[in-house]
Amino acid sequence: MTLTKPKLAAKSMNVRAPNRVTHTYKQRLNGSMSKVFPLLCPVREAEWIDGWQPVFVLSESGVAEADCVFVSDAEPQDAVWYITRHEPARGFVEMIKITPLVTACKLTIQVREAAGGCTADVTYSHTSLGPLGDTFIASFTPEYYVQFMREWENRMNHFLSHGEPLRAAAG
């Protein structure tokens with residue numbers, strides 16, 4: 001049996017410079033690398049991020065690992081994440097996040113031991129996939145990124161100190 005690929009309308013190759021934004025932030029976390037690194041996981045994040053619930057997770061071990069794939073809510077379509085590198089001994093993880101029609105994103109996190117806990121260098125690099133991505137990238141400013149990272153840092157530190165997620169204030 002021979003499978004044939006359906007014929008699509010002829011398209012010309014479109015090569016252009018990417019519309020990309022990259023930001024890095026150093027978090028200071030109140031826990032050792034051995035406590036913090038396992039929490040950088042689509043399953044374990046539910047322990048410290050109030051409301052985090054991936055749509056589904058594909059994992060041999062049940063937690064973060066190389067080749068783990070998970071899906072999270074996003075607009076206009078759910079985002080697909082793929083863990084490309086997971087190196088617990090080095091405190092390093094790299095993920096690719098694709099939000100169709102919006103962005104392709106590379107996330108890297110390098111956790112290192114430090115006095116009083118550890119640090120995590122968190123880098124997001126978003127590349128636009130079209131007009132929706134261009135709008136997103138324009139809003140992904142250095143100021144927005146610092147606020148986003150400080151919120152993440154506060155949530156993680158609250159969990160490390162109290163063993164429960166920081167709950168959103170009732171409004």
Side-chain angles (χ1 to χ4, degrees), residues 17-54 57 63-66 68-75 78-100 102-129 132-169:
N19 183 6
R20 179 176 294 144
V21 64
T22 302
H23 297 300
T24 300
Y25 182 87
K26 182 183 291 289
Q27 297 177 339
R28 283 158 181 62
L29 302 170
N30 301 326
S32 66
M33 188 172 95
S34 64
K35 280 191 162 197
V36 168
F37 188 79
L39 297 173
L40 304 173
C41 162
V43 175
R44 302 277 320 268
E45 284 184 5
E47 295 175 30
W48 62 275
I49 301 175
D50 188 32
W52 170 256
Q53 186 175 5
V57 178
V63 292
E65 63 194 6
C68 175
V69 176
F70 60 102
V71 177
S72 63
D73 288 330
E75 292 296 330
D78 290 348
V80 177
W81 297 76
Y82 190 101
I83 299 177
T84 53
R85 292 174 58 192
H86 189 263
E87 302 169 8
R90 288 191 51 235
F92 183 80
V93 63
E94 177 184 84
M95 303 178 201
I96 302 298
K97 173 187 177 189
I98 304 295
T99 306
V102 182
T103 61
C105 171
K106 180 168 75 170
L107 165 62
T108 61
I109 305 170
Q110 177 65 66
V111 181
R112 293 182 179 90
E113 295 291 355
C118 67
T119 62
D121 292 319
V122 182
T123 302
Y124 275 85
S125 182
H126 286 280
T127 302
S128 173
L129 298 177
L132 293 172
D134 292 344
T135 300
F136 174 83
I137 283 175
S139 70
F140 199 72
T141 63
E143 297 79 16
Y144 169 83
Y145 190 68
V146 167
Q147 178 184 353
F148 171 52
M149 287 291 99
R150 285 182 178 160
E151 180 182 329
W152 176 351
E153 185 176 34
N154 289 338
R155 289 176 180 274
M156 176 75 81
N157 282 329
H158 180 87
F159 179 78
L160 292 166
S161 296
H162 302 285
E164 61 183 39
L166 181 62
R167 304 286 180 199

State, yes or no, whether a side-chain contact exists between [X] and [Y] at a heavy-atom distance under 4.5 Å.
{"X": "R155", "Y": "R150", "value": "no"}
{"X": "E153", "Y": "Y25", "value": "yes"}
{"X": "P42", "Y": "C68", "value": "yes"}
{"X": "V43", "Y": "E45", "value": "no"}
{"X": "T108", "Y": "V122", "value": "no"}
{"X": "L160", "Y": "V36", "value": "yes"}
{"X": "L166", "Y": "F159", "value": "no"}
{"X": "W81", "Y": "L107", "value": "yes"}

What is the distance from atom [atom1] of [X] to atom [atom2] of [Y], rounded to the nearest 0.5 Å?
{"X": "M95", "Y": "I109", "atom1": "CE", "atom2": "CD1", "answer": "5.0 Å"}
{"X": "Q27", "Y": "W152", "atom1": "CD", "atom2": "CH2", "answer": "5.5 Å"}
{"X": "T22", "Y": "R20", "atom1": "OG1", "atom2": "CZ", "answer": "6.5 Å"}
{"X": "E151", "Y": "M149", "atom1": "CD", "atom2": "CE", "answer": "9.5 Å"}
{"X": "S161", "Y": "M156", "atom1": "OG", "atom2": "CE", "answer": "11.5 Å"}
{"X": "K35", "Y": "C118", "atom1": "NZ", "atom2": "SG", "answer": "11.0 Å"}

Tell me the closest heavy-atom pair linking [X] and [Y], and the distance in Å.
{"X": "P54", "Y": "W52", "value": "CD-NE1, 3.3 Å"}
{"X": "E113", "Y": "S34", "value": "OE2-N, 4.2 Å"}
{"X": "S128", "Y": "T103", "value": "CA-CG2, 4.4 Å"}
{"X": "L29", "Y": "A120", "value": "CD1-CB, 3.9 Å"}
{"X": "P100", "Y": "D78", "value": "CD-O, 3.5 Å"}

Should E47 and R44 count as an ion pair when the cut-off is N to O under 4.0 Å?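 Salt bridge present between E47 and R44.
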Do T141 side-chain atoms and Y144 backbone N/O form a donor-acceptor pair below 3.5 Å?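 Answer holds: yes.
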With no hydrogens and no angle check, is any side-chain donor or acceptor of N19 less than 3.5 Å from a backbone partner on D134?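 Here the side-chain-to-backbone pair does not exist.
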Measure up the [X] and [Y] rings against each other and bin them: parallel (under 30°), tilted (30 to 60°), perpendicular (over 60°).
{"X": "Y124", "Y": "H126", "value": "parallel"}
{"X": "H158", "Y": "H162", "value": "tilted"}
{"X": "F37", "Y": "H86", "value": "tilted"}

Cut-off 3.5 Å, side chains only: do [X] and [Y] have a donor facing an acceptor?
{"X": "E94", "Y": "T84", "result": "yes"}
{"X": "D121", "Y": "T24", "result": "no"}
{"X": "R112", "Y": "T119", "result": "no"}

In terms of heavy-atom contacts, does CD of E164 have more than 12 from other residues, nucleotides or ligands at under 6.0 Å?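 Yes, the 6.0 Å shell around CD holds more than 12 heavy atoms from other groups.
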